[in-house]
Amino acid sequence: MEKRKLGSQGLVVSALGLGCMGMSDFYGPTDDVESVATIHRAIDLGVTFFDTADMYGPFKNEELLGRALLGRREQVVVATKFGNRRSPDGAFLGVSGRPEYVREACDASLRRLGVGHIDLYYQHRVDPTVPIEETVGAMAELVKAGKVRYLGLSEAGPATIRRAHAVHPISALQTEYSLWTRDPEDGILPTIRELGIGFVSYSPLGRGFLTGRFRSPADIPDGDWRRMNPRFQGENFEKNLALVARVTQIARARGITPAQLALAWVLGRGQDLVPIPGTRRRTSLEENVAAASVVLTPQEMARLDEAAPKGAAAGTRYPEAGMKAVGL
């Protein structure tokens, strides 16, 4: 597995990471045994970069990842996040970037993960009521204390990224980026490349839509958050099927799956980009990891730009309330 640098502070990860969220939350029934086996298989295949957050579960995903990494901690880079507050019963309690909460959240994540330090610690969402300088200042104290090695932001806008980076070097900016979510190309990617910050692409498979798995809204399991996602509903769903059909045609011509093509496209957008597709099954993991060896030609990249240009996906990527919390 190829390695890539995230930022200029020394953080190095596998070119393809593993998003662990769906192993514990949001996408219907879970299977901890298969999830742990998937994490172990990922390490065996050269994946070193594992992404979680305290809100996933809530709290259960960090515990799951911690159990899976027993005896293998030194082989991996652990990334987790704070800021989206949830109660034990799953209720959302809002966003917090208060310095005292940053410290509390970090200590709690360390306990759940069962690790001595967090490799990459993100603010999950920007708190508009707390200056970013105060939040990142508290995060920087965690680095000095040895509890965290590198800092990151998730779903922050260009101006916030600049202000944060002036307080302490930011190693990675995480946001959604894929063939149907190309918004970061307009402001975020130019900003982080100017500042020497790496980019972590979550949902690089369009929450599974780009794989061709879903043919109708009825294919979405009960209890799956995607039932509430605008891109998976009504006319938007039908329009997005056409986008997937174009991607699938290009994938077939290359002799790979649509998922592998979508991941290869993200990997081909720059050496500073690392996608973290999520899965809880070994079969899907192996399919995704194979994409790391696919190098698309300039002609194939151009065909994909034509098949899935900016703004091609129908519908917003979150419901209205979720969209208010991104790009701040």
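Hydrogens, waters and symmetry mates play no part in the numbers below; they use all other heavy atoms, side chains included.
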[X] with [Y]: basic N within carboxylate O range, under 4.0 Å:
X	Y	answer
Arg207	Asp224	no
Glu287	Arg213	no
Arg85	Asp127	no
Glu34	Arg280	no
Asp51	Lys81	yes
Arg246	Glu306	no

Partners of [X] by side-chain contact (heavy atoms from CB on, under 4.5 Å), sequence neighbours excluded?
X	value
Ala291	Gln260, Leu263
Val77	Leu11, Val13, Phe49, Asp119
Arg252	Thr248
Asp183	Thr181

Please find the pair of heavy atoms, one from [X] and one from [Y], that lie closest to each other, and give the distance.
X	Y	result
Ala15	Leu267	O-CD2, 3.4 Å
Val266	Ser178	CG2-CA, 4.4 Å
Leu261	Val247	CD2-O, 3.4 Å
Asp54	Ala105	OD2-CB, 4.2 Å
Leu45	Leu285	CD1-CD2, 4.2 Å
Pro221	Arg227	O-NE, 3.1 Å

Can you tell me how far the [atom1] atom of [X] sits from the [atom2] atom of [Y], to the nearest 0.5 Å?
X	Y	atom1	atom2	value
Phe82	Gln123	CZ	CD	4.5 Å
Ile170	Leu153	CD1	CG	4.5 Å
Arg163	Ile132	CZ	CD1	7.0 Å
Met23	Lys60	CE	NZ	15.5 Å
Asn288	Thr283	CG	OG1	9.5 Å

Report, as yes or no, whether the 6.0 Å neighbourhood of atom [atom1] on [X] holds more than 12 heavy atoms from other residues, nucleotides or ligands.
X	atom1	value
Gln249	CD	no
Lys3	NZ	yes
Glu235	CD	no

Given 3.5 Å as the limit, does a donor-acceptor pair link the side chain of [X] with the main chain of [Y], or not?
X	Y	value
Arg4	Leu273	yes
Ser201	Pro275	no
Tyr122	Gln174	no
Asp107	Glu104	no
Asn61	Gly57	no
Asn240	Ala314	yes
His117	Gly146	no

Quick one, [X] and [Y] - any side-chain contact, counting heavy atoms below 4.5 Å?
X	Y	value
Thr175	Phe199	yes
Leu120	Val78	no
Pro258	Leu210	no
Asp32	Arg67	yes
Leu110	Ile118	yes
Arg125	Met55	no
Val326	Arg317	yes
Pro230	Pro319	yes

Quick check with a 6.0 Å cut-off and a 45 degree axis cone: is Arg226 positioned over the face of Tyr27's six-membered ring?
yes

ILVMFWY network linking [X] to [Y], side-chain heavy atoms under 4.5 angstrom:
X	Y	result
Leu65	Ile43	yes
Met323	Phe92	yes
Ile276	Ile197	no
Phe59	Val36	no
Tyr101	Tyr121	yes

So, using side-chain hydrogen bond (donor to acceptor under 3.5 Å, both in side chains) as the criterion, who are the partners of Arg193 when residues are at least two apart?
Asp272

Contacts of Arg281 that satisfy side-chain hydrogen bond (donor to acceptor under 3.5 Å, both in side chains) - sequence neighbours left out
none

Only counting residues at least two apart or in another chain, list the ones meeting ring pair (Phe, Tyr, Trp, His ring centres under 6.0 Å) with Phe209.
Trp180, Phe232, Phe237

Parallel, tilted or perpendicular: which fits the ring planes of Phe26 and Tyr56, with parallel below 30° and perpendicular above 60°?
perpendicular

Can a side-chain donor-acceptor contact be found between Ser109 and Glu62 if the only test is distance below 3.5 angstrom?
yes

Should side-chain heavy atoms under 4.5 Å link Ile, Leu, Val, Met, Phe, Trp and Tyr, which residues sit in the same cluster as Leu328?
Val126

Connected hydrophobic set around Leu93, excluding itself, where side chains approach under 4.5 Å
none

Only pairs under 3.5 Å count here: list side-chain donor-acceptor contacts from residues 134-144, not counting sequence neighbours, and write none if there are none.
from   : atom 1 : to     : atom 2 : distance (Å)
Thr135 : OG1    : Gly97  : O      : 2.6
Glu141 : OE1    : Arg103 : NH1    : 3.4

May I have all residue pairs that pass ring-ring contact (aromatic ring centres under 6.0 Å, His included) and include part of residues 291-328, sequence neighbours excluded?
Trp225-Tyr318

Report the residues that fulfil salt bridge (Lys or Arg N to Asp or Glu O under 4.0 Å) with Asp89, sequence neighbours left out, ordered by chain and then residue number.
none

